[in-house]
Every structure is written in structure tokens, then in C-alpha cells.
Amino acid sequence: MIIRYIEEVESTNDCLKECREDRVLVCAFRQKKGRGQRGNSWESEDGKNLTFSFVLFPGHLAAEEQFRISKIVSIALVRLLAHYGITAQIKWPNDIYVGDKKIAGILIENTLSSSGMLSRSIVGIGLNVNQEHFVSDAPNPVSMRQLAATEFPREAVLEQFCEIFETLYQDTFGTATPQIDRLYWESLYRKECAALYCDSQGTFTGTIVGIGVCGELIVRKSGGEQCAYLFKEVSFVIG
Ligand code: BTN
């Protein structure tokens, strides 16, 4: 990964849109318009956390396999946090949680080629590192510092992430799919336990019983019906 540090940018995801070089990473001290999922903004105090994006050209993956990028990025973040003694889990599809609090968010923007392959993937990550107070209405943020009661060196954390990610990315070129699926499942938040969810029909009790081939969340409702949800079709009721 080629790492470039920049002072200020609107959004690190956006500033990579013209980049043609594989594995270029941009890390910003300050984002003026950090973007989150579902059109939300991403809160990050200047210089306290890691807000970065990198670009991949994963032409070896078919459109139906695009969730694999999400999986390896999530696994890499869980491994990174484990390296610093923090046990994290993946809240489907790709939020990183410690207990019921969110420590990192991922915004992946994929471009598909006309032949049905993934031509470009811009992966944006916001990892709460040293921020001590959160002021936005983000529901349940937490940082590494809050959990470990110590400051972390941001650049070293980023380099460690890149090292972990590169190994996992190499796995997507080979036959390691079952291994990636297993690692994702092992770290999945709320798997195999009854909890509250909300879908278009309302709030219900369900149990996560699997992940579909394209990344769908498979939930068995308390009445026995099994549903496969795409992103945004179901939300977790937390707290
Ligand atoms: C989420 O809502 O959970 C996703 C948050 C993603 C935030 C990161 S910060 C770096 C990159 N640039 C952005 O504008 N967003 C992502």
C-alpha cells in the first residue's frame, strides 16, 4: 500500500475517484465532509482518529463476489483491534463493534465493469482511535482510547492495518473463500442468539443463522420463518 497523508480533504473516498494506481491510500488529518453509510456524515475530531481510504482494482472478482471485499476489510479491522488487545466484532454488514458500541465504520464504493466484474473498489474507513468525547448524534460511538485508557500512535496503527489487510487481500486471489467466510462468521456480532431487529413489517425477535452467498443476512424469526435481507432491509435494535 502506498500511504499518503494529507491535511484536509472533503472526503478521502472522493479524492481517490481519479486515482488509477492500485493500492493507494489517503489518510486525512481532517475531513470536511466525511461520509458515512445511508447518507449519514462521519464524525471525527481533527487529528485524533484514522480517517482514510484506499483504492483497489479487483478485476478478479465477479460482481456477485463483491461482498468479499467487505468481509476482508471487516476481518482486518477486527484483527487490528485484537493486536491492540481489543476484542471487536462485525455487525453485519460491516460495522465494527465492541460490545454494543461502534468503534469503526466502513464505506465501500464499488464500480462494476461491463463484463460483470468488479473494476474498482474505494474502501473508506473511519476508526475511532484517540477521540475522548463524541458530540454528534451518532448513536453509540467508542474509541480505542476510551476502551484502553491510553493514547495510540495513529500512523503505526495505520501501518499495522495495511499489513493485516494485504495478507487477507492476497487470499481473495486464491482458493481461500471458505476461510474468509469462516473468519467473518466467527467474528459476527449477535450470531446465533435471539435479539431484536426491525424490517419493513416492524420489530421482531430473530436469530442470525447465516450469511448468504452475496452477503445477505439470514435471520430466523421467532415464528420460524427464515428471511434473507439485503443491506438496508433490516436494522438491529440496540439498547
Ligand atoms: C459508516 O457510516 O459506518 C461508514 C463510515 C465511513 C467513514 C470513512 S472516514 C474515511 C472515508 N471517507 C469518508 O468520507 N467516509 C469514509
Side-chain angles (χ1 to χ4, degrees), residues 1-19 23-56 66-67 69-78 80-81 88-111 120-131 134-144 152 154-155 157-162 165 184 187-190 215 217 230-236 238-239:
M1 204 79 84
I2 304 161
I3 302 181
R4 294 185 182 140
Y5 290 95
I6 48 175
E7 181 72 16
E8 182 178 278
V9 73
E10 299 275 299
S11 153
T12 53
N13 266 43
D14 295 344
C15 76
L16 282 170
K17 288 203 167 133
E18 302 306 320
C19 180
R23 300 227 222 349
V24 170
L25 184 153
V26 171
C27 180
F29 182 87
R30 174 184 316 113
Q31 283 194 120
K32 288 197 291 180
K33 285 195 185 141
R35 293 192 286 117
Q37 293 159 12
R38 302 169 194 250
N40 292 325
S41 58
W42 181 255
E43 176 189 350
S44 183
E45 194 179 331
D46 295 356
K48 289 280 183 179
N49 301 315
L50 282 169
T51 47
F52 64 99
S53 304
F54 53 92
V55 63
L56 306 169
Q66 57 187 293
F67 193 65
I69 301 289
S70 207
K71 280 185 176 170
I72 58 166
V73 176
S74 306
I75 296 164
L77 283 167
V78 169
L80 174 74
L81 290 162
Q89 289 185 303
I90 304 163
K91 175 173 160 281
W92 179 88
N94 56 17
D95 285 338
I96 307 301
Y97 267 54
V98 176
D100 287 332
K101 293 181 175 235
K102 182 164 167 171
I103 193 162
I106 302 169
L107 180 67
I108 300 181
E109 296 177 293
N110 288 331
T111 310
R120 187 188 68 189
S121 195
I122 296 178
V123 179
I125 297 176
L127 171 62
N128 298 331
V129 181
N130 290 322
Q131 187 160 339
F134 291 87
V135 292
S136 75
D137 54 4
N140 45 4
V142 72
S143 69
M144 292 170 68
F152 290 89
R154 290 164 55 248
E155 294 190 8
V157 174
L158 180 58
E159 281 162 25
Q160 186 68 39
F161 170 82
C162 291
F165 176 79
Y184 182 85
S187 291
L188 198 65
Y189 170 76
R190 275 197 185 172
L217 185 72
L230 298 173
F231 184 47
K232 293 183 187 168
E233 288 181 346
V234 64
S235 55
F236 290 58
I238 297 174

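Whatever order the structure lists them in is the order used to number ligands and atoms, beginning at 1. Just so it is clear, the structure is predicted and the values come from calculations on it, not from any experiment.
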Undergrad: Quick one: list whatever passes ring-ring contact (aromatic ring centres under 6.0 Å, His included) with Phe134, sequence neighbours left out.
TA: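 Per chain and number, Phe134 pairs via ring-ring contact (aromatic ring centres under 6.0 Å, His included) with no residue.
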Undergrad: With Asp95, which of Lys102, Lys101, Arg190 fulfils salt bridge (charged side-chain N to carboxylate O under 4.0 Å, His left out)?
TA: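 Only one of Lys102, Lys101, Arg190 forms a salt bridge (charged side-chain N to carboxylate O under 4.0 Å, His left out) with Asp95, namely Lys102.
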Undergrad: Tell me if a side-chain donor or acceptor on Gln131 pairs with a main-chain N or O of Ser143 at a distance below 3.5 Å.
TA: no
Undergrad: Verify the distance criterion only: is there a donor paired with an acceptor across the side chains of Asn128 and Glu43 at less than 3.5 Å?
TA: no
Undergrad: Tell me whether Asn140 contacts the main-chain N or O of Asp100 through its side chain, where contact means a donor paired with an acceptor under 3.5 Å.
TA: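 Yes: the side chain of Asn140 pairs with the backbone of Asp100.
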Undergrad: Centre of Tyr184's six-membered ring, under 6.0 Å away, within 45 degrees of the axis: is that where NZ or CZ of Lys71 sits?
TA: yes
Undergrad: Protein residues near ligand 1, heavy-atom distance below 4.0 Å?
TA: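 For ligand 1, the residues that come within the 4.0 Å heavy-atom cutoff are Ser11, Thr12, Asn13, Gln31, Gly34, Arg35, Gly36, Gln37, Trp42, Thr51, Phe52, Ser53, Asp95, Lys102, Gly105, Ile106, Leu107, Gly124, Ile125, Gly126.
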